[in-house]
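I have placed the structure first, in the form of C-alpha cells, so that the comments after it can refer back to it.
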Protein chains: 2
Amino acid sequence: MAIFDKGNNLSQRMTQALGRAIVCGEYDRNESLPTEAELCTQFGVSRSAVREAVKMLSAKGLISSRPRQGIRILPEEDWNILDPDLLQWSLESKPTLKVLHEFLQLRIAIEPEAAALAAKYASPTEIAAIAKSLERMRTATTPEEALEADIAFHVSVLYASNNRFYIRLRDFIQTALRVSINYTNPIKADHEVVVEEHGKVLLAVQNRNPERAKRAMLFLIDEALSFIEAALAKESQPQENSLA
Amino acid sequence: MAIFDKGNNLSQRMTQALGRAIVCGEYDRNESLPTEAELCTQFGVSRSAVREAVKMLSAKGLISSRPRQGIRILPEEDWNILDPDLLQWSLESKPTLKVLHEFLQLRIAIEPEAAALAAKYASPTEIAAIAKSLERMRTATTPEEALEADIAFHVSVLYASNNRFYIRLRDFIQTALRVSINYTNPIKADHEVVVEEHGKVLLAVQNRNPERAKRAMLFLIDEALSFIEAALAKESQPQENSLA
DNA sequence: AACGCCTATCCATCATACAAATAGAAGGCT
DNA sequence: AGCCTTCTATTTGTATGATGGATAGGCGTT
C-alpha cells in the first residue's frame with residue numbers, strides 16, 4: 001500500500017513524493033533513479049501510478065525517462081522552477097538566504113514594472129481589488145491576517161497589470177512573500193508605516209502615474225533586499241544558514 | 001495507429017497533439033473534452049498513452065481530470081504559460097500584436113535587471129560568453145545567423161545574472177526574440193548600430209557598472225516596445241492582425 | 001585498438017479487469 | 001410542488017500481464 005498521505009489520487013501523491021525526494025537531493029544526480037519496477041515495490045504502488053508520476057515530473061522538466069537508460073534527473077537549469085509545485089517542493093527543502101535573495105532579485109524586476117503597468121491599464125474593478133486588499137491590511141488584527149492581506153495586495157497589482165505573464169507569476173510572488181516573511185518580519189517598522197507605503201502604490205495607480213507607482217513598489221521591496229544582502233554579507237563565514 | 005508524427009515516444013506526441021489542440025481553441029472551454037475512451041479511438045492509441053498525455057498536460061496546469069466529470073480545460077490564468085512547451089504551442093496559434101506587446105512588457109522588466117545583476121556578479125567565463133555572442137553578431141553574414149547570435153547574447157546575459165530564476169526565463173526570452181523578429185526587423189536600423197548598442201551592455205558589464213548595464217539593455221528593448229505600441233494604437237479599428 | 005554484432009535490461013505500448021468516485025436520475029417524503 | 005435521499009450509470013483510477021522496441025555494454029573478430 002502507498003506509503004504517503006497527502007493529495008487526491010495515487011499518481012498525484014506519487015508525483016509529490018518523488019518530486020520532493022528529487023528536489024531535496026535524496027537521489028544521486030549522476031546515477032539513474034531506481035527503475036520503474038523498483039519504484040513500484042519501494043512505494044507499494046502499481047506501474048501505472050509510477051509511470052504517470054514520472055510523466056508528470058518530466059513534464060515539469062525534472063527528469064527524463066528512456067529505455068535502457070532509466071529515469072535520470074535533468075540538469076537543474078532545465079527544471080521548471082517557476083512551476084508552483086516545484087517552487088513549493090524546493091522551498092520546503094532549502095529556503096536558504098541565497099534563495100531568498102534570488103527571490104527578491106526577481107521580485108524587484110517584476111513588481112515595480114507591474115505597478116507601472118497597473119497605473120496604465122488597470123480597470124476600475126482591478127483598482128478596487130487593490131484598494132480592498134489595502135483595507136484588509138489596515139484592519140488586520142493578527143500577523144497571519146496581515147500577511148494574507150499583504151499577499152493579496154501584491155497579487156492584485158499583478159492582475160491589474162493586464163499582462164498574462166505578470167499574472168502568471170502570482171504563485172511565485174505569493175510563495176516568495178510567504179517564505180520571506182519570517183526574515184523580513186523582524187526588520188519591518190510599524191505595521192502602520194508599511195500600510196502607508198503600500199497605500200502610495202495604490203494612490204499612484206489611481207492617479208494613473210506609472211513612474212510613481214513603480215517607485216513606490218520598488219521602495220517596498222528594496223528595503224527587504226538591502227536587509228537580505230546585509231545578512232548575506234555577514235554570514236560569509238558561517239557555513240549553513242537555513243530557516244526552517 | 002497514431003495519427004501524428006513529430007516527437008519521440010507516443011505519449012509525448014499525444015501530449016503535443018492534445019496540448020496544441022487545446023491551446024488553439026479546438027475544444028469548447030465550457031464543455032468536457034472527449035472521454036479517455038473517445039480520445040483513444042480518435043487518436044488510435046491505447047488508454048495508457050492517453051492517460052499519460054493527460055497527466056502531462058495537467059502537470060502544466062492546462063487541464064484537470066476527475067471521475068465522472070471527465071477532462072476539463074482549466075481557466076487560462078492557471079496555464080503555466082512560462083512552460084516552454086505551452087509557450088511554443090500558444091505562439092504557433094496566436095502570435096498577435098497583443099501577445100508581442102505582453103512579451104516585450106515582461107522582457108523590459110527582466111532583461112535590464114538581469115544586465116545589472118550580470119554587472120554585479122558575472123564571472124570572467126560568463127562575461128566571455130557575452131563577448132563571444134557579440135562577436136558572432138558582428139561577424140554574422142546572414143539574417144538567420146544574426147538572429148541566433150542576438151538570442152545567444154541575451155541568453156548569456158541571463159546566465160551571467162547568476163540567478164536561477166532569471167536563467168529559467170531563457171526559453172521565454174528566446175521564444176520572444178524568435179517570434180518578434182518578424183516585426184522588429186523592418187524598423188531596426190543598420191545592423192552595425194544594433195551591434196554597437198549591444199556592445200554598450202557588454203562594456204557596462206565588464207566595467208562592473210550595473211546602472212549603465214541596465215540602461216543600455218533597456219534601450220535595446222524600449223525601441224521595439226515603442227514601435228509595437230505605436231502599431232497597436234494604429235490598428236485599434238482594424239479587427240484582426242495576426243502574423244503567421 | 002577499433003569495429004560491429006549480441007544480448008540482457010530497461011522503458012513503451014497495449015489490452016483487460018476491477019475499484020472508486022460522483023453527477024444526475026429516480027424515487028420517496030413532507 | 002419542493003426537497004431530500006438513494007440508486008445507478010458513467011468516467012476516471014489502479015493493478016496486472018504480455019509483448020514490443022530501443023540501446024548500453026559486453027564479446028568477439030580483425
Side-chain angles (χ1 to χ4, degrees), chain A residues 1-19 21-22 27-74 85, chain B residues 1-19 21-22 27-74 85:
Chain A
M1 281 294 124
I3 60 173
F4 27 62
D5 34 23
K6 317 164 213 170
N8 306 315
N9 58 34
L10 193 54
S11 326
Q12 278 174 34
R13 278 174 289 162
M14 183 73 199
T15 304
Q16 300 234 335
L18 243 189
I22 291 170
Y27 293 106
D28 190 332
R29 300 222 173 158
N30 304 318
E31 304 266 326
S32 284
L33 260 63
T35 65
E36 274 185 11
E38 286 167 339
L39 288 172
C40 288
T41 59
Q42 283 177 25
F43 286 89
V45 300
S46 72
R47 259 184 16 253
S48 319
V50 170
R51 294 200 99 255
E52 286 172 8
V54 165
K55 289 295 179 186
M56 285 201 268
L57 292 180
S58 52
K60 293 180 189 296
L62 211 60
I63 57 181
S64 80
S65 166
R66 283 173 47 199
R68 178 66 219 209
Q69 187 195 11
I71 303 163
R72 301 183 80 100
I73 302 180
L74 288 175
D85 288 330
Chain B
M1 278 297 123
I3 59 173
F4 25 65
D5 36 21
K6 317 163 216 170
N8 305 315
N9 57 37
L10 191 55
S11 327
Q12 279 174 34
R13 277 175 290 163
M14 181 75 199
T15 305
Q16 299 235 336
L18 244 188
I22 292 171
Y27 293 106
D28 190 332
R29 301 221 173 160
N30 304 320
E31 303 265 327
S32 285
L33 261 63
T35 64
E36 281 181 0
E38 286 166 340
L39 288 172
C40 288
T41 59
Q42 283 177 27
F43 287 87
V45 300
S46 74
R47 230 185 113 201
S48 317
V50 171
R51 294 199 98 254
E52 286 171 8
V54 166
K55 288 294 178 188
M56 286 201 268
L57 291 179
S58 53
K60 294 180 189 296
L62 211 61
I63 56 181
S64 80
S65 166
R66 283 173 46 198
R68 180 66 222 211
Q69 186 197 6
I71 302 163
R72 300 184 81 102
I73 301 179
L74 288 176
D85 288 330

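Here is the naming used below: chain letters follow the sequence lines, and residue numbers restart at 1 for every chain.
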inquiry  = Quick check: closest heavy atoms across B/Leu10 and B/Ala49, and the distance to 0.1 Å?
reply    = CD2-CB, 4.1 Å

inquiry  = Any non-hydrogen side-chain atom of B/Leu18 less than 4.5 Å from a side-chain atom of B/Leu33?
reply    = yes

message = Working to the nearest 0.5 angstrom, can you tell me the gap between A/Arg72 CZ and A/Ser58 OG?
response = 15.0 Å

inquiry  = Going by side chain to side chain donor-acceptor pair (under 3.5 Å), name the residues that satisfy it together with B/Arg29, two or more places apart in sequence or in a different chain.
reply    = B/Glu76

inquiry  = Checking A/Ser65 now: which residues fulfil side chain to side chain contact (heavy atoms under 4.5 Å, CB included) with it, not counting sequence neighbours?
reply    = A/Val54, A/Ile71

ask   = With distance as the sole test, does B/Glu38 use its side chain to make a donor-acceptor pair with the main-chain N or O of B/Thr35 at under 3.5 Å?
value = yes

message = Among residues 46-57 of chain B, which ones have heavy-atom contacts with DNA chain C below 4.0 Å?
response = B/Ser46, B/Arg47, B/Ser48, B/Ala49

remark   = Numerically ordered, the residues 65-72 of chain A set in heavy-atom contact under 4.0 Å with DNA chain D is A/Arg66, A/Pro67, A/Arg68

ask   = What integer distance in Å separates B/Gln12:CD from C/dT13:C1'?
value = 14 Å

Under 3.5 Å: donor-acceptor pair, side chain of B/Ser32, backbone of B/Gln69 = yes

inquiry  = If you compare all heavy atoms of B/Lys60 against all heavy atoms of A/Ala59, which two are closest, and at what distance to 0.1 Å?
reply    = NZ-O, 2.9 Å

key: Separation of D/dA15 C1' from A/Phe43 CZ (nearest whole Å)   = 18 Å

request  = Please work out which residues in residues 27-40 of chain A have a non-hydrogen atom less than 4.0 Å from an atom of DNA chain D and list them by number.
outcome  = none

inquiry  = I need the minimum non-hydrogen distance between A/Ile73 and A/Ile63, along with the two atoms involved.
reply    = CA-CG2, 4.2 Å

ask   = Partners of A/Lys55 by side chain to side chain donor-acceptor pair (under 3.5 Å), sequence neighbours excluded?
value = none

